[in-house]
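Following: one structure in structure tokens, then a few remarks.
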Amino acid sequence: MKTILGLAAALSLAAAAPALADTYAIEHVTLIDGLGHAPQADMTVQVDGDRITAVTPSALAKDLKGKRIDGRGKYLIPGLIDAHIHLKGGVAPQADAAAARASATQALASFLYAGVTSVYDAGNQADVILPLRADERAGKIASPRIFATGNLITYPGSHGDSMSVRISDFEKDKALLDKHIAEQQPDVLKITYDEEGWGSRPMITLMPQPLMEQIIKYYNQHGIRTTIHVSNETRSLEAIYSGADSLAHPDIQGPVSDSFVKLMAAKKVPFASTLTIGENYSRLAEHPEFLDQPLYVASFSAADRETMKTKVRADYQARHWTWWMKVMTPVCLENIRKIDAAGGVVALGTDQSSGPATHREMELLVQAGIKPLEVLKIATHNAARLLGKEDELGSVEAGKFADLVLLSADPTADINNAKQIAWVMKAGQIIDESKLPLAGAKQARRFEE
């Protein structure tokens, strides 16, 4: 493939854009805009610098600038967004900082390679994720746009306690919140609100609801959106009525009620789908051959794939959790289908750390009974809504950032065609795949400018 070469969390997206973007006219392409509209044939998209400047039928396109790309027979979609990851290398404290960073940069490269141009890290070790976010915004690493919470906020003994700022009393602990805001500058705050005690999990401490409400209000007053880790309908309702801007997971503990479906449609509170994290256990236990698909071969080293096929697989086969999740995944699929059909806002999130997982999430959403065109909206515009970035990301419209993916086959006919990537563009720059620090072996892609 012939390609172009390509600080703090408070920096705007515009300030974070790479300085050296080119100018392109992508002509005669079939456009899938990310907003749920039917594909539009023979369209031209003008990219000037890091922005889309015009979207028009090719017959009406005038005064085209820059490099012309013939999009005949190809499909243009917005860059995919994974609105819930935990970047590899940073979830657990690392003795070897260099190794943790290398692992994380390989994972970030796998997202770009898979057409994912933005990710939200929903909880991590701050000393790993925050320098990576700063480096991405300074253009120092090959990476999707990184949005991050840094450390979680949780109640002592609650979910995610090991990578959290622990808050037990709002007034007494306000200094900890101020420090988190000032030093980590979260793009979206994540709070954990789950007593667990389901599946094969023990009961754990739950944050008092009034405290959660105070924290949400305080971060909102600082201009920061919130997402709340939940796992059932009751806690979801409590989080929503405490002021949550989004939910980190769907209801996985049982079928949702009709009233909850209606409420999610009325409130339009986005939630991250995160199907892949649970389904992955039984998938590896029963069908390890998925690791031989091209995106996995590129994203993981041969040694790591072999370890997953043997040691990790045996571990998963022995876990009660694996088989409980296999039983509950279809329940979760149906819950998501119902909420989406009613008009609720499902946003793609994997809870994992690789580009292939994003594509698996789309496959599972299709398995749920959601049409591929709607799944693409979930993976782009809806994910941008969860982050509060829909004015700049998530759709192919004039004025938006030029985060685009050119495909060689129609993803609305088969969601697996979203893997047929000709090139990936972030902020008006076509990604030079030869420079991506992937852990595995790249596949040859068949696009020439």
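The first residue of the sequence shown is numbered 1, and numbering continues consecutively from there.
- Using a 4.5 Å heavy-atom cutoff, the side chains of His229 and His249 are in contact.
- Cation-pi contact between Arg225 and Phe147: absent, since separation from the ring centre below 6.0 Å together with deviation from the ring axis within 45° is not met.
- Shown here for Ala244 and Thr226, the closest heavy-atom pair between the two residues is CA-OG1, 3.8 Å.
- Between the side chain of Trp323 and the backbone N or O of Gln317, at least one donor-acceptor pair lies under 3.5 Å.
- Electrostatic pairing of Lys262 and Asp258 does not count as a salt bridge here, judged by no charged N lying under 4.0 Å from a carboxylate O.
- Side-chain N or O atoms of Ser353 include one that pairs as donor or acceptor with a backbone N or O of Lys88 at under 3.5 Å.
- A cation-pi arrangement, defined by a distance under 6.0 Å to the six-membered ring centre and an angle within 45 degrees of its axis, is present between Arg283 and Phe290.
- A salt bridge links Glu334 and Arg337; the closest N-O separation between the charged side-chain nitrogens and carboxylate oxygens is under 4.0 Å.
- Between Glu397 and Lys400, at least one side-chain nitrogen of the basic residue sits less than 4.0 Å from a carboxylate oxygen of the acidic one, meeting the salt-bridge criterion.
- Remark: side-chain polar atoms of Thr205 are not paired, donor with acceptor, to backbone N or O of Ser158 under 3.5 angstrom.
- Scanning all heavy atoms of the two residues, the minimum distance from Gly115 to Val424 falls at CA-CG2, 3.8 Å.
- Using a distance-only test at 3.5 Å, with no hydrogens or angles considered, a donor-acceptor pair links the side chain of His359 to the main chain of Ala114.
- At distances below 3.5 Å, not a single donor-acceptor pair connects side-chain atoms of Asp50 with backbone N or O atoms of Ala427.
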Under the side-chain contact (heavy atoms from CB on, under 4.5 Å) rule, what do Asp414 and Val366 come out as? Steps first, then yes or no, please. CA-CA 9 Å; Asp414 183 344; Val366 170; over 6 Å; no

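- Although no hydrogens or angles enter the test, the distance criterion places a donor-acceptor pair under 3.5 Å between the side chain of Asn382 and the main chain of Val346.
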Go through Arg201 and Asp194 one step at a time and tell me if the salt bridge (Lys or Arg N to Asp or Glu O under 4.0 Å) criterion holds. CA-CA 11 Å; Arg201 293 182 167 184; Asp194 197 346; 5.0 Å; no

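- Closest of all the heavy-atom pairs between Gly123 and Thr149 is N-CG2, 3.3 Å.
- We find that Lys426 and Glu136 are joined by a salt bridge, their nearest charged nitrogen and carboxylate oxygen being less than 4.0 Å apart.
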Does the pair Tyr113 and Ile431 meet the rule for a side-chain contact (heavy atoms from CB on, under 4.5 Å), with working shown? CA-CA 8 Å; Tyr113 186 72; Ile431 300 301; over 6 Å; no

Audit row: Glu363, Val375, side-chain contact (heavy atoms from CB on, under 4.5 Å) steps and yes/no: CA-CA 9 Å; Glu363 293 171 10; Val375 169; over 6 Å; no

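- For the residue pair Gly243 and Ile216, the shortest heavy atom distance occurs at O-CG2, 3.4 Å.
- The shortest side-chain heavy-atom distance between Ile146 and Leu108 falls under the 4.5 Å cut-off.
- For Lys311, the NZ atom is loosely surrounded, since the number of other residues' heavy atoms within 6.0 Å does not exceed 12.
- In this structure, Arg51 satisfies the cation-pi test against Phe401, with its NZ or CZ atom closer than 6.0 Å to the six-membered ring centre and inside 45 degrees of the ring normal.
- Around atom NZ of Lys309, more than 12 heavy atoms belonging to other residues, nucleotides or ligands sit under 6.0 Å away.
- A salt bridge between Asp121 and Arg133 is absent, with no side-chain N of the basic residue lying under 4.0 Å from a carboxylate O of the acidic one.
- Between Arg137 and Asp187 there is a salt bridge, since at least one side-chain N of the basic residue sits less than 4.0 Å from a carboxylate O of the acidic one.
- Of the possible donor and acceptor atoms, none in the side chain of Gln125 sits under 3.5 Å from a partner among the backbone N and O of Met163.
- A salt bridge links Asp135 with Arg101: at least one charged nitrogen is closer than 4.0 Å to a carboxylate oxygen.
- Side-chain contact between Leu284 and Leu291: present, with at least one pair of heavy atoms (C-beta onward) separated by less than 4.5 Å.
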Run the side-chain contact (heavy atoms from CB on, under 4.5 Å) test on Leu132 and Ser143 for me, step by step, so that the C-alpha distance in whole Å, both residues' side-chain angles and the decisive distance to 0.1 Å come before the verdict. CA-CA 9 Å; Leu132 287 166; Ser143 168; over 6 Å; no

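- Taken to the nearest 0.5 Å, the CZ atom of Arg360 stands 10.5 Å off from the CD atom of Gln352.
- Ring geometry for Tyr281 against Trp321 counts as perpendicular: the plane angle is over 60°, on a 0 to 90° scale with 30° as the lower cut.
- A side-chain donor-acceptor contact under 3.5 Å links Ser110 to the backbone of Gly355.
- Side-chain N/O atoms of His381 and Ser395 include no donor and acceptor closer than 3.5 Å.
- Taking all atoms of both residues into account, the shortest heavy-atom contact from Ala142 to Pro437 is CB-CD, 4.5 Å.
- The two atoms that bring Leu386 and Phe271 nearest to each other are CD1-C, 4.0 Å, heavy atoms only.
- The closest side-chain donor-acceptor pair between Asn124 and His86, if any, does not fall under 3.5 angstrom.
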